[in-house]
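Convention: sequence-line order gives letters A, B, ...; per-chain numbering from 1.
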Amino acid sequence: MSFDERKIADDKLPREFYTRDALTVAEDLLGKYLVSRKEEGRTAGMIVETEAYKGEEDPASHAFSGEKTERTKVQFEEGGRAYVYLIYGLYHCFNVVTGKEGEPGSVFVRALEPVQGEDIMRKRRGLKDKKSKKELTNGPGKLCMAMGINKKMSGKDLGGEELFVSRSEKEIEVKTAERINIDYAGEAKKWPWRFFVKGNPYVSETDRGSRTSPIPE
DNA sequence: CTCACGATTAGA
DNA sequence: CTAATCGTGAGA
């Protein structure tokens, strides 16, 4: 293991990082490393795009108005756990649970920049060698595939050894935008709760949601 | 029990 | 642009 890899492994974010507001955590997670350690080996990526979801007041959230179900109950626990669910019966989505116990909230991780285990990611994603490295992790379903994240990990503490987030000192310039694919959420669709690293090529969508032109009537 | 649907992706 | 594909949650 190289020095850099060890440094990542030993520098997990503390609980207090996660027990804050979802919007704060969403922005703060940018530039940090998401690390997965499984049988196939170790994979890691820098978080470059996130979205905040707040239970009570956010119509886009799975925990809207305090609705607690079998799937979403982990969002009501203390921040610092994984919330993983299946979307469209095909892909997994990875979230970090935020806030204090009883305050539902989560940060949806939409994109990573691969930093370790690119070969493993490539295998898991079933990409041809020709395909661009970008395709490995530039979307929520893609990054779960690349990192080997599945539903069994939902509810797991991110202070564990299999999946965790590591600190970094990287200087990052943040941009915000509307969240993606939440047409069902009415007004909340326009809230700028998506955060991404300015200029990073692994961000899934950079232009979408930008309000450069006013919406006509 | 039925059934509608989604915080997505790959491919035409 | 659309098909793929199934766990979840609401309602009968």
Could you give the [atom1]-to-[atom2] distance, from [X] to [N], as a whole number of Å?
{"X": "Leu90(A)", "N": "dT8(C)", "atom1": "CG", "atom2": "P", "result": "14 Å"}
{"X": "Ile180(A)", "N": "dT9(B)", "atom1": "CD1", "atom2": "P", "result": "9 Å"}
{"X": "Tyr53(A)", "N": "dA7(B)", "atom1": "OH", "atom2": "C1'", "result": "4 Å"}
{"X": "Leu86(A)", "N": "dG6(B)", "atom1": "CG", "atom2": "P", "result": "14 Å"}
{"X": "His62(A)", "N": "dA10(C)", "atom1": "NE2", "atom2": "P", "result": "12 Å"}
{"X": "Asn95(A)", "N": "dT8(B)", "atom1": "CG", "atom2": "C1'", "result": "14 Å"}
{"X": "Glu49(A)", "N": "dT8(B)", "atom1": "CD", "atom2": "C1'", "result": "13 Å"}
{"X": "His92(A)", "N": "dT5(C)", "atom1": "NE2", "atom2": "C1'", "result": "12 Å"}

Kindly say if [X] contacts the phosphate of [N], meaning a side-chain N or O under 4.0 Å from OP1 or OP2.
{"X": "Thr69(A)", "N": "dT8(C)", "result": "no"}
{"X": "Arg71(A)", "N": "dG9(C)", "result": "yes"}
{"X": "Arg125(A)", "N": "dA10(B)", "result": "yes"}
{"X": "Lys151(A)", "N": "dT8(C)", "result": "yes"}
{"X": "Tyr184(A)", "N": "dA7(B)", "result": "yes"}
{"X": "Arg110(A)", "N": "dT8(B)", "result": "yes"}
{"X": "Asn181(A)", "N": "dT8(B)", "result": "yes"}

*Using centres under 5.5 Å plus planes under 30 degrees as the test, is Tyr88(A) stacked with dA4(C)?*
no
*Has Tyr91(A) got its ring stacked on dT8(B), by the test of a centre gap below 5.5 Å and a plane angle below 30°?*
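Taking the rule of under 5.5 Å and under 30°, the ring of Tyr91(A) does not stack on dT8(B).
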*Scan Glu67(A) against the nucleic acid and name what it touches under 4.0 Å (heavy atoms): base, sugar-phosphate only, or nothing.*
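Sugar-phosphate, backbone atoms only, no base.
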*Option from Lys68(A), Lys54(A), His62(A) for which side chain to side chain contact (heavy atoms under 4.5 Å, CB included) with Gln75(A) holds*: His62(A)
*Nucleotide opposite dT5(C) in a Watson-Crick or G-U pair, distances under 3.5 Å*: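 The base-pairing partner of dT5(C), which may sit in any strand shown, does not exist here.
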*Which base sits across from dA7(B) as a Watson-Crick or G-U pair, both distances under 3.5 Å?*
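Checking every strand shown, dA7(B) finds no partner, since no pair has both distances under 3.5 Å.
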*Compute both the distance and the angle, then confirm whether Arg37(A) meets the cation-pi test with Phe164(A): under 6.0 Å from the six-membered ring centre, within 45 degrees of the axis.*
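Not satisfied by the 6.0 Å and 45° rule.
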*Taking all atoms of both residues into account, what is the closest heavy-atom pair of Glu27(A) and Thr50(A), and its distance?*
N-OG1, 4.5 Å
_Close side-chain approach of Ile149(A) and Val84(A), heavy atoms under 4.5 Å_ =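 Touching, per the 4.5 Å side-chain cut-off.
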*Taking for each residue the nucleotide of DNA chain B with the nearest heavy atom, is it Ala63(A) or Lys142(A) whose nucleotide lies nearer the 5' end?*
Ala63(A)
*Is there a donor-acceptor pair closer than 3.5 Å between any side-chain N or O of Arg20(A) and the backbone N or O of Val25(A)?*
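Absent.
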_Tell me which pairs pass side-chain hydrogen bond (donor to acceptor under 3.5 Å, both in side chains) where either residue lies in residues 93-105 of chain A, with sequence neighbours left out._
Asn95(A)-Ser106(A)
